[in-house]
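Some notes on the structure that comes next.
The first residue in the sequence is number 1, and the count goes up from there.
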Amino acid sequence: MSLHIERIGSGPDLVLLHGWAMHGGVFAPLVECMRDRCTLHVVDLPGHGGSRDSGVPLRLDACALAIAAQVPQGAVWCGWSLGGLVALHAAQYGAGSMRALAMLCATPCFVRKDDWRWGMAPETFRDFAGGLRSDWRGTLDRFLALEAFGSDHAKEELRHLRDELFVRGEPATSVLADGLELLETSDLRPGLPALALPSLWIGGRRDRLVDPRAMQVAVELTPDAVIDVVDHAGHAPFLTHAEVVAAALGRLLQ
């Protein structure tokens, strides 16, 4: 039950994990910036892109173990949005013996709770789940618009996300529902104080999906963690500020 993983470049190993409903191809601008600095292992998560027919379930433990079995030990893992939950789970449970972790516009808990004020409203996720049943294409487009909103280059960012969305095929609606459920129900905050590796948290100052203040609080709970917030960026700074993100990841790789 292998996953589709594209390998590009040479040097230290960097694993890239994409967000909800996308595939590894969305990282193209970042890959172009980093292919001469490292070996990129660009993953398509289960049910997405080239892994659409993989038998691996879209669960944190299953994803982490499947990826760890296919990438080198001692790699740096970088997860964007939903991919950040997978990477953080793998780091907390030792999957892949990763060397360091990068959280890219990702948080240990995406939904607001009584003790977590920086998450998204639970109603937002329920609306998306209902939209998947009635108009899944329209729901995806609304989600992409939220990802681009706030960026100085929102139109270009949204165009890129829309262009990439189905390049590797359409994800099954059941997988999209599974991904939303992961985003809604996962809470990895309890494991942060025991995280035993360096971590870099890269946020977008204008992100409307992951408030950079949530990432700051997570960093304060985590040993050997630093945060780098990209000004004028939204939820996908690797599209609009690829060189800035590449430079930050390069420092972590070194």
In terms of side-chain geometry, is the basic nitrogen of Arg251 or Asp228 positioned less than 4.0 Å from the acidic oxygen of its partner? yes

What is the distance from atom OG1 of Thr107 to atom CG of Asp187, rounded to the nearest 0.5 Å? 8.5 Å

Between Met34 and Ala246, the two heavy atoms sitting closest are CG-CB, 3.6 Å

Supply the atom-to-atom distance Tyr93 OH to Leu188 CG, rounded to the nearest 0.5 angstrom. 7.5 Å

Would Arg205 and His232 count as having a side-chain donor-acceptor pair, cut-off 3.5 Å? no

Between Leu17, Val15, Val31, which is the residue that forms a side chain to side chain contact (heavy atoms under 4.5 Å, CB included) with Val42? Val31

So for atom CZ, which belongs to Arg126, do other residues, nucleotides or ligands contribute more than 12 heavy atoms lying within a distance under 6.0 Å? yes

Minimal heavy-atom distance between Leu183 and Phe110, with the atoms involved, is O-CB, 3.5 Å

Quick one: CG on Leu82 to CG on Leu58, what's the gap to the nearest 0.5 Å? 6.0 Å

Identify the two heavy atoms, one from Arg99 and one from Leu197, that lie closest to each other, and give their separation to 0.1 Å. O-CB, 3.9 Å

Identify the two heavy atoms, one from Pro171 and one from Ala21, that lie closest to each other, and give their separation to 0.1 Å. CG-O, 4.2 Å

Got a second to check how far Leu249's CG is from Leu104's CG, nearest 0.5 Å? 7.0 Å

Over all atoms of both residues, closest heavy-atom pair of Ala87 and Met98: O-CE, 3.6 Å

What's the shortest heavy-atom distance between Ala214 and Trp118, and which atoms? CB-CB, 3.4 Å

Evaluate the ring planes of Trp80 and Phe238, with Trp represented by its six-membered ring, and classify them as parallel (under 30°), tilted (30 to 60°) or perpendicular (over 60°). perpendicular

As an exercise, state the distance from SG of Cys109 to CD of Glu184, rounded to the nearest 0.5 Å. 10.5 Å

Could you tell me the separation between the CD1 atom of Ile227 and the CD atom of Gln216, rounded to the nearest 0.5 Å? 5.0 Å

Could you tell me whether Glu243 and Arg37 have a side-chain N and a carboxylate O separated by less than 4.0 Å? yes

